[in-house]
Amino acid sequence: SGRPPVFAQRAGSSRACHPAPVAATRIPHRFRQHAGLRRSLPNASDQENPMTVSLLPGHPHFAYHGNELHAEQVRLSDLAQQHGTPLFVYSKAAMLAALRAYQRGFAGREVQICYAMKANSSLGVIQVFAQAGCGFDVVSAGEMQRVLAAGGSADKIIFSGVGKTRAEMRVALAAGISCFNVESEAELEVLNQVALELGVRAPVSIRVNPNVDPKTHPYISTGLKDNKFGIAHERVVQTYQRAARLTGLAVKGIDCHIGSQITTAEPYLDAMDRMLDLVSAIEAAGVPIHHIDLGGGLGIDYRGETPPAADLLWQQLLTKLDARGFGDRALMIEPGRSLVGNAGVCVTEVLYLKPGEQKNFCIVDAAMNDLPRPAMYQAYHQISALQPRQDAASTWEVVGPICESGDWIGHERDLAIQQGDLLAVLSAGAYCMSMASNYNTRNRAAEVLVDGARVDLIRERETVADQMRHEHLVQG
């Protein structure tokens with residue numbers, strides 16, 4: 001890549017709001033060897049490895065140059081030396097490229113793109129999308145406070161989730177958010193009461209359960225009758241009529257979100273047809289609908305999946321919207337995974353190799369508390385060496401140090417590795433750090449954001465003291 005990376009860290013501060021980078025320092029563009037780790041091979045041409053590039057989710061933002069895996073212009077091995085492992089590394093260019101695909105699809109339309117920040121709620125990630133003009137889809141008051149701390153606008157926040165508390169409603173109303181996506185008739189009544197107590201009207205959109213199968217993992221399917229989300233299709237009109245009569249509410253729109261990691265257009269097209277049928281029925285009952293929120297859920301490439309490109313998907317959906325006479329409606333969408341999933345990797349070190357009669361175990365320093373998706377969803381993440389070896393590969397179970405048989409990162413992976421090697425767990429930008437835990441009193445990993453040759457530390461590595469700070473021994 002030619003240029004050394006720039007590492008900028010925030011000055012020590014007790015404030016989490018609006019982190020500002022301080023003067024950057026440079027480190028040499030070389031890597032002190034870990035035990036057993038092969039030195040990188042020089043390559044004057046600095047070209048991508050053609051055997052590897054086509055297999056890497058996140059390309060071209062994560063790619064091999066010579067014999068080194070890079071994030072943009074920065075060697076991941078340099079980041080591991082500087083910040084330790086496990087380490088989450090995000091590409092700003094990858095996030096913005098994913099966002100631009102949506103923006104191309106919506107060119108000339110009135111659309112608010114609201115980043116579904118449950119996918120990755122780190123302040124530095126939120127800041128990228130706030131500076132790009134995005135709104136935000138939040139599911140708790142804590143997420144809303146993160147948006148505001150990172151420079152997001154309250155009037156671009158939509159508040160989803162099936163279990164909003166009265167306290168959360170009050171905080172959101174005081175902040176002046178754009179809309180509540182209401183998920184039950186009981187929630188509608190409570191929100192009306194809270195708004196009346198505060199002397200305001202709460203803007204609402206009702207989340208519809210269209211009973212559409214998104215053809216995804218059952219834990220992330222949200223649009224079927226047996227899911228907990230939204231109002232049943234057959235009760236939607238009556239619910240809107242009730243909302244229109246409640247004086248503490250102002251009906252603004254209609255919302256649906258059918259699931260996550262959706263890799264075909266058909267579920268979206270089906271959901272749009274059902275949504276538009278409902279809009280016609282609701283307005284025929286005397287309740288105007290100002291915006292239509294189609295949610296998010298577009299999938300990414302983890303293992304060769306080929307979801308439609310965001311701009312092409314929305315061209316299809318907008319064609320249907322126009323054909324049915326709704327082309328002038330304001331739109332909202334809530335993408336999450338598709339904006340950040342392939343914009344992040346987790347770098348981890350091989351601690352031990354443990355050959356066995358039936359299985360060979362590669363024990364790494366990342367674990368299910370850092371990367372929960374494999375254990376929770378039986379999910380696949382590609383695992384690639386930072387400095388690939390030319391040795392013959394063996395088949396390994398890649399596992400973490402946690403005291404659980406379910407603590408695995410990858411099953412039956414063919415890898416040429418030695419103790420001390422560094423690996424990248426790809427497609428780790430979504431639902432990894434935001435779902436991380438302290439199980440086994442493990443510290444949560446550090447996070448860095450790469451922008452070209454610049455690197456910012458956006459989350460310091462947690463310490464055990466951090467974990468215990470709010471705990472107390474019983475006195476006496």
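Remember, it's a predicted structure, so these values are computed and weren't measured experimentally.
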(request) Decide, yes or no, whether a salt bridge links K118 with E143 under the criterion of side-chain N to carboxylate O below 4.0 Å. (result)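 No.
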
(request) Begin with the C-alpha distance, continue with both residues' side-chain angles, and end with the deciding distance and a verdict on side-chain hydrogen bond (donor to acceptor under 3.5 Å, both in side chains) for Q467 and E462. (result) CA-CA 8 Å; Q467 292 189 50; E462 198 171 33; 4.6 Å; no

(message) Between D155 and S178, is the side-chain hydrogen bond (donor to acceptor under 3.5 Å, both in side chains) condition met? List the steps.
(response) CA-CA 5 Å; D155 60 2; S178 173; over 6 Å; no

(message) List the residues meeting side-chain hydrogen bond (donor to acceptor under 3.5 Å, both in side chains) with T463, not counting sequence neighbours, and say none if there are none.
(response)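 side-chain hydrogen bond (donor to acceptor under 3.5 Å, both in side chains) list for T463, sorted by chain: D466.
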
Which heavy atom of [X] sits nearest to which heavy atom of [Y], and what is that distance?
X    : Y    : answer
R442 : P86  : NH2-CG, 4.4 Å
P267 : I262 : CG-CG2, 4.1 Å
D421 : A416 : OD2-O, 4.3 Å
A445 : R459 : O-CD, 3.7 Å
A71  : F62  : CB-CE2, 3.5 Å
C346 : A366 : SG-CB, 4.3 Å

Is the side chain of [X] donor-acceptor paired with the backbone N or O of [Y] at a distance under 3.5 Å, no angle test?
X    : Y    : value
H257 : D255 : no
E397 : E412 : yes
Y268 : L298 : yes
T395 : R413 : no
S122 : V125 : no
N342 : D301 : yes
R461 : N443 : no
R146 : S121 : yes
Q261 : I300 : yes
E72  : A93  : yes

Between [X] and [Y], do the side chains contain an N or O donor and an N or O acceptor separated by less than 3.5 Å?
X    : Y    : value
E404 : N440 : no
H291 : R329 : no
E183 : S160 : no

(request) Show the numbers, then the answer: is there a side chain to side chain contact (heavy atoms under 4.5 Å, CB included) between E168 and F159? (result) CA-CA 10 Å; E168 288 179 315; F159 197 154; 4.0 Å; yes

To the nearest 0.5 Å, how far apart are [atom1] in [X] and [atom2] in [Y]?
X    : Y    : atom1 : atom2 : value
L321 : I292 : CG    : CD1   : 5.5 Å
Q127 : L123 : CD    : CG    : 8.5 Å
C362 : I409 : SG    : CD1   : 10.0 Å
R444 : N369 : CZ    : CG    : 10.0 Å
M332 : I254 : CE    : CD1   : 13.5 Å
I177 : I157 : CD1   : CD1   : 7.0 Å

Minimum side-chain heavy-atom gap [X]-[Y] below 4.5 Å:
X    : Y    : result
T85  : E349 : yes
F88  : V345 : no
E110 : L331 : no
M368 : P374 : no
I417 : L353 : yes
L371 : M435 : no
H70  : Y64  : no
I126 : M117 : yes

(message) Using salt bridge (Lys or Arg N to Asp or Glu O under 4.0 Å), reason through D293 and R207 one step at a time and then give a plain yes or no.
(response) CA-CA 9 Å; D293 184 342; R207 179 170 176 176; over 6 Å; no

Could you list the donor-acceptor pairs under 3.5 angstrom formed by side chains in residues 303-317, with sequence neighbours left out?
residue	atom	partner	partner atom	Å
E305	OE1	Y302	N	2.7
E305	OE1	R303	N	2.5
D311	OD2	R104	NE	3.3

(message) Test side-chain hydrogen bond (donor to acceptor under 3.5 Å, both in side chains) on Y90 and N120; report intermediate values, then the result.
(response) CA-CA 11 Å; Y90 305 118; N120 189 318; 3.2 Å; yes

(message) Test side chain to side chain contact (heavy atoms under 4.5 Å, CB included) on L339 and Y115; report intermediate values, then the result.
(response) CA-CA 8 Å; L339 294 180; Y115 168 54; 3.8 Å; yes

(request) Check the pair V89, L87 against side chain to side chain contact (heavy atoms under 4.5 Å, CB included), reporting the backbone distance first and the verdict last. (result) CA-CA 6 Å; V89 180; L87 175 69; 3.9 Å; yes

(message) Working note: V347 + L423, criterion side chain to side chain contact (heavy atoms under 4.5 Å, CB included); need CA distance, chi angles, decisive distance, verdict.
(response) CA-CA 6 Å; V347 179; L423 304 175; over 6 Å; no

(request) Given side-chain hydrogen bond (donor to acceptor under 3.5 Å, both in side chains), test N360 with S394 step by step and report yes or no. (result) CA-CA 8 Å; N360 300 320; S394 299; 5.4 Å; no

